[in-house]
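Here is the naming used below: chain letters follow the sequence lines, and residue numbers restart at 1 for every chain. Because the structure is a prediction, the values reported are computed rather than measured. Note: hydrogens, waters and symmetry copies are ignored here, and every other heavy atom, side chains too, is used.
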2 protein chains.
Amino acid sequence: MSTVGKAVSLLELFTLAEPEIGLSDLARKAGLDKATARRLLMALAERRLIEQESQSRRYRLGAGLSRLARIRDAHFPFVRLAAPVVRDLSIETGETVHLSEFSAGALLTVHVELSAKANRVNVDVGQVLPLHGTPSGIAFLAASRPEVVSAYLDGPLQPFSQHTMTQPDRLMEAVRLAASRGYSRSAQGYEEGVHSIGAAILGSDGNPIGTLAVASPVSRVDDAVAASQGEAAIKAARLISVRLTGEA
Amino acid sequence: MSTVGKAVSLLELFTLAEPEIGLSDLARKAGLDKATARRLLMALAERRLIEQESQSRRYRLGAGLSRLARIRDAHFPFVRLAAPVVRDLSIETGETVHLSEFSAGALLTVHVELSAKANRVNVDVGQVLPLHGTPSGIAFLAASRPEVVSAYLDGPLQPFSQHTMTQPDRLMEAVRLAASRGYSRSAQGYEEGVHSIGAAILGSDGNPIGTLAVASPVSRVDDAVAASQGEAAIKAARLISVRLTGEA
DNA sequence: AACGACGGTTCACATAATGAACCACATTTA
DNA sequence: TAAATGTGGTTCATTATGTGAACCGTCGTT
């Protein structure tokens with residue numbers, strides 16, 4: 001792995017649940033030597049992507065990240081504009097809704113609104129979803145240009161779990177169904193007991209830039225519920241597209 | 001410079017005014033070879049800190065930055081909580097107000113609310129302010145523990161402009177005055193024609209974590225105005241402290 | 001006082017980064 | 001038209017950079 005990759009992997013160890021980590025722990029989790037981890041951390045700290053708590057000597061993410069994220073967000077306000085719509089969709093359906101953004105050939109989960117119910121699906125921000133085998137990915141492909149879809153399906157399709165669909169022809173079929181309906185549907189396709197509805201969010205050029213997905217426990221969903229979730233998801237996705245592209 | 005430093009310096013080239021940059025341009029601005037810049041960009045893109053627009057082939061900041069910034073922000077919601085207060089202070093005083101966060105031995109400007117007036121002071125988000133020679137820095141030192149102040153003043157004090165104060169004894173005097181008043185004041189200390197009032201924002205342990213500053217054209221400020229700006233700045237800084245530490 | 005954890009440092013060694021020269025392509029200039 | 005200049009991207013011998021085992025000192029526990 002490149003040195004830069006290692007440095008970024010250190011940043012990725014910080015989570016909502018564990019926002020401050022000590023040196024030894026950090027090195028262990030990243031699979032790096034303590035000296036190496038420290039050198040990388042010092043380089044990151046110099047650029048303010050990492051900070052060190054002066055008394056506990058633990059490390060945390062730095063203010064420079066907030067700064068860079070603000071620049072990106074001003075230019076590309078996807079999460080900021082989409083979050084309230086995602087929230088409304090979660091309230092309307094009573095289920096967990098997650099928002100993903102297309103980045104580097106996959107979907108990155110950038111926002112989650114959890115269901116208020118006790119029995120709910122939990123999704124973590126930061127999770128990377130492959131385009132194949134997840135309802136979000138299928139919805140994304142269904143909204144993509146045909147040549148993009150076939151180029152993707154011709155490439156290598158790594159199975160991410162035992163449920164992952166890797167046969168190009170079956171994927172193509174799922175994509176076609178999603179394209180005709182406007183949303184994708186999958187019962188237990190990605191994880192045991194989870195039912196998902198996915199819809200694509202379009203950018204100004206008509207190409208998809210991300211997705212949202214309604215994730216429910218299978219026990220709460222029948223065909224009628226799925227259909228109403230699908231329609232609601234389409235409406236929400238379109239609303240986000242409209243807000244992003246300026247009423248286009 | 002370390003490889004990691006070079007990679008981060010590439011990220012830092014993106015600004016609000018120029019959020020997308022091509023490879024050659026990026027390499028030139030960073031002072032790197034094109035091949036080197038590209039390798040670093042690919043490493044960053046793999047971790048989603050950089051994205052490449054597929055048609056124009058230009059690069060921009062990636063979604064991974066938003067993700068990391070969210071984690072930091074949830075743990076340390078400085079900007080989120082302070083921004084509305086800064087906004088109110090800007091409206092109340094009619095002047096530009098900027099918010100800085102202490103990070104790695106200096107103050108990083110993380111938020112700015114510009115004055116609505118035509119003749120106003122402009123401040124850029126991302127600017128790094130040294131602790132000496134800026135009103136924000138003096139206010140920060142004035143709120144720091146005495147041993148921290150003397151340790152800092154004993155270290156090397158680089159002059160950042162011809163106006164920078166580098167004599168420890170004069171700085172100490174300015175710090176003492178700021179400590180007794182609760183805010184710092186500087187007319188043209190940092191930049192020609194700019195009058196500034198700075199106030200420190202305290203964290204839960206009583207130590208300063210950042211500052212806010214009211215920046216006005218000197219022509220609009222006399223002693224009475226400065227005093228009222230100072231009182232308003234103190235109130236705003238305290239309000240942020242209270243909100244941050246949970247009504248403490 | 002002996003132990004084990006911590007954060008941090010050193011330096012001989014090896015790997016990973018470097019950059020001049022090179023594509024192919026698109027605009028602009030002569 | 002054809003040369004010139006720009007772009008993004010690639011190659012590979014050279015070398016500078018990153019690496020990690022072993023080493024501090026310190027802290028809190030046993």
Short side-chain to backbone donor-acceptor contact, B/Arg48 and A/Ser103, under 3.5 Å: yes
Residue closer to the 5' end of DNA chain D, B/Arg57 versus A/Arg39 (nearest nucleotide): B/Arg57
Residue whose closest nucleotide on DNA chain C lies nearer the 5' end, A/Gln52 versus A/Thr3: A/Gln52
Length of the CE-C1' vector between A/Met1 and D/dG20, whole Å: 17 Å
B/Arg47 side chain vs A/Val8 backbone, donor-acceptor pair below 3.5 Å: no
Shortest non-hydrogen separation from A/Leu108 to A/Gly126 and the atoms involved: CD1-O, 3.4 Å
Residue-phosphate contact under 4.0 Å: A/Thr36 side-chain N/O, D/dG18 OP1/OP2: no
Exercise: identify the closest heavy-atom pair between B/Thr109 and B/Ser100: OG1-OG, 3.6 Å
Nearest-angstrom distance from the residue atom CE of A/Met42 to C1' of D/dG18: 16 Å
Watson-Crick and G-U pairing of DNA chain C, under 3.5 Å, as dot-bracket with | and [ ]: |||||||.|||||||||||||.||||||||
DNA chain C: 5'-most and 3'-most nucleotides touching chain A, 4.0 angstrom heavy-atom criterion: C/dC6 to C/dA17
Atom pair distance, as rounded to whole Å: NZ in B/Lys34 and P in D/dT11: 13 Å
Gap between atoms CG and P, on B/Leu26 and D/dG9 respectively (whole Å): 11 Å
Whole-Å gap separating P (D/dT19) and CZ (A/Arg38): 15 Å
Of the listed nucleotides D/dG20, D/dT11, D/dG9, the one nearest the side chain of B/Ala35: D/dT11
Salt-bridge contact A/Arg70-A/Asp73 (side-chain N to carboxylate O under 4.0 Å): no
Parallel, tilted or perpendicular, as decided by the 30° and 60° cut-offs, for the rings of B/His132 and B/Tyr152: tilted
Verdict with supporting geometry, B/Val85 and B/Arg243, side-chain contact (heavy atoms from CB on, under 4.5 Å): CA-CA 10 Å; B/Val85 180; B/Arg243 292 204 181 159; 3.7 Å; yes
Nearest-angstrom distance from the residue atom NZ of B/Lys6 to P of D/dA16: 11 Å
Under 3.5 Å: donor-acceptor pair, side chain of B/Glu51, backbone of B/Ala63: yes
Presence of salt bridge, B/Lys29 and B/Glu18, under 4.0 angstrom: yes
B/Ser2 side chain near D/dT17 phosphate (N/O to OP1/OP2, under 4.0 Å): no
Interatomic distance, B/Leu41 CG vs D/dG9 P [rounded to whole Å]: 9 Å
Separation of atom CZ in B/Arg58 from atom P in D/dG9, rounded to whole Å: 12 Å
